[in-house]
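Here is the structure we will look at, set down as structure tokens.
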Amino acid sequence: SVHGSTLDHRVGSIVDDLAAQASFVTDVLPGGWRHLHVPGVDRPVIIGHGGVFVLDVRHASTLGVGLPGDGLPPRPWNHEHRNQLSTPQITAELASQLLSWACGLEIRCTPVIVVIGDELDAVAPRPDAVEVVLEHAFMRWLQHQPHELDEDTIGLVLEHVDVNGDLIAI
């Protein structure tokens with residue numbers, strides 16, 4: 001139908017706009033920060049002296065998606081005696097495991113949600129303790145991260161992730 005086609009076009013346009021805004025977040029990083037392509041991790045991963053961050057770029061309207069109790073049925077591996085991880089936490093853990101395997105030392109990745117859209121001036125903390133940063137404050141936030149990694153560690157990680165995003169194990 002014509003109405004369905006118009007709706008599909010509008011949804012496609014919104015998705016394209018969000019994808020363009022999301023790629024802009026890592027296009028221009030402050031000095032000392034680099035974008036890594038980690039296979040199997042469908043989110044941007046960046047590294048700098050402040051650490052390794054897995055970015056989950058979201059529109060302000062989707063901040064609760066992926067949290068335990070987000071209205072979706074419980075995940076099948078959710079047991080009473082275990083804490084359930086949020087989607088950003090799971091993605092960061094995957095990136096940590098892949099980079100640690102490739103580099104031969106423990107690399108901890110921290111999940112960060114970068115909020116795009118102009119609707120918010122501030123965001124409430126999430127119950128999963130994942131850092132949430134507004135897009136317009138993201139570069140400043142990166143620059144103010146305490147130094148966690150030295151040049152040798154950053155070099156080792158970069159050495160084991162080639163330009164194609166393939167991991168090269170030691």
Side-chain angles (χ1 to χ4, degrees), residues 15-60 62-63 65-68 75 77 82-118 120 122-123 125-170:
V15 169
D16 290 345
D17 288 348
L18 288 174
Q21 285 179 300
S23 70
F24 178 74
V25 170
T26 57
D27 281 350
V28 182
L29 293 171
W33 287 92
R34 294 209 175 143
H35 183 221
L36 300 175
H37 295 280
V38 180
V41 177
D42 64 346
R43 300 283 188 265
V45 178
I46 60 173
I47 186 170
H49 289 289
V52 182
F53 298 104
V54 178
L55 307 181
D56 192 346
V57 180
R58 295 187 179 183
H59 189 269
T62 65
L63 286 179
V65 174
L67 281 172
R75 296 186 180 115
W77 61 85
R82 292 188 188 172
N83 290 332
Q84 186 175 359
L85 297 176
S86 66
T87 303
Q89 289 171 314
I90 292 169
T91 306
E93 182 59 32
L94 171 64
S96 296
Q97 290 176 7
L98 290 168
L99 289 172
S100 295
W101 169 80
C103 298
L105 66 123
E106 185 177 357
I107 304 293
R108 299 296 326 141
C109 298
T110 303
V112 177
I113 294 176
V114 180
V115 182
I116 57 177
D118 298 329
L120 299 175
V123 290
R126 287 172 51 103
D128 60 356
V130 171
E131 190 77 41
V132 180
V133 182
L134 296 172
E135 177 189 17
H136 62 81
F138 180 63
M139 297 305 160
R140 186 173 54 249
W141 181 85
L142 277 179
Q143 292 170 328
H144 288 93
Q145 292 304 300
H147 280 230
E148 299 284 330
L149 300 177
D150 58 25
E151 287 294 330
D152 291 340
T153 304
I154 293 171
L156 182 68
V157 173
L158 294 174
E159 186 178 301
H160 288 90
V161 179
D162 75 12
V163 292
N164 299 318
D166 294 327
L167 295 177
I168 305 163
I170 56 168

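We use all heavy atoms of the structure for the numbers below, so side chains are in, but hydrogens, waters and symmetry mates are not.
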Would a 4.5 Å heavy-atom cut-off, applied to side chains only, mark [X] and [Y] as touching?
X    : Y    : value
R34  : L29  : no
C109 : L99  : yes
P88  : I113 : yes
I116 : V57  : yes
V157 : V52  : no
P111 : E131 : no
L142 : F53  : yes

### Task
In sequence, state the C-alpha distance, the side-chain angles, and the governing distance for V115 and V133, and then conclude on side chain to side chain contact (heavy atoms under 4.5 Å, CB included).
CA-CA 6 Å; V115 182; V133 182; over 6 Å; no
Hey, what do you get for [atom1] ([X]) to [atom2] ([Y]), rounding to the nearest 0.5 Å?
X    : Y    : atom1 : atom2 : value
W101 : I107 : CH2   : CD1   : 14.0 Å
L85  : T91  : CG    : OG1   : 10.0 Å
T110 : E93  : OG1   : CD    : 11.0 Å

Task: CA sep, side-chain torsions, deciding dist, call: V132, V112, side chain to side chain contact (heavy atoms under 4.5 Å, CB included) - done: CA-CA 6 Å; V132 180; V112 177; over 6 Å; no
Of V54, L55, V161, the residue whose pairing with V45 passes side-chain contact (heavy atoms from CB on, under 4.5 Å):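 Testing each of V54, L55, V161 against V45, the sole residue satisfying side-chain contact (heavy atoms from CB on, under 4.5 Å) is V54.
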When you measure from the side chain of H160 to the backbone of C103, do you find a donor-acceptor pair of N or O atoms at a distance under 3.5 Å?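 Between the backbone of C103 and the side chain of H160 there is no qualifying donor-acceptor contact (under 3.5 Å).
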task: Can you run down the side chain to side chain donor-acceptor pair (under 3.5 Å) pairs that involve residues 139-150, sequence neighbours left out, and say none if there aren't any?
output: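 Passing the test, one end in residues 139-150: D150-T153.
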When you check the gap from the basic side-chain N to the acidic O, do E135 and R58 get nearer than 4.0 Å?
->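 Between R58 and E135 there is no salt bridge, as every charged N stays at least 4.0 Å from the carboxylate O atoms.
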Discussion item. Side chain to side chain contact (heavy atoms under 4.5 Å, CB included) for I154 and L158? Distances and angles first, verdict last.
Written reply: CA-CA 6 Å; I154 293 171; L158 294 174; 3.8 Å; yes
Going by atom types only, do S86 and Q89 share a side-chain donor-acceptor pair under 3.5 Å?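 The criterion, which ignores hydrogens and geometry beyond distance, is satisfied for Q89 and S86.
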*asked:* Between D56 and V114, does the side chain to side chain contact (heavy atoms under 4.5 Å, CB included) criterion hold? Intermediate values first, please.
replied: CA-CA 6 Å; D56 192 346; V114 180; over 6 Å; no
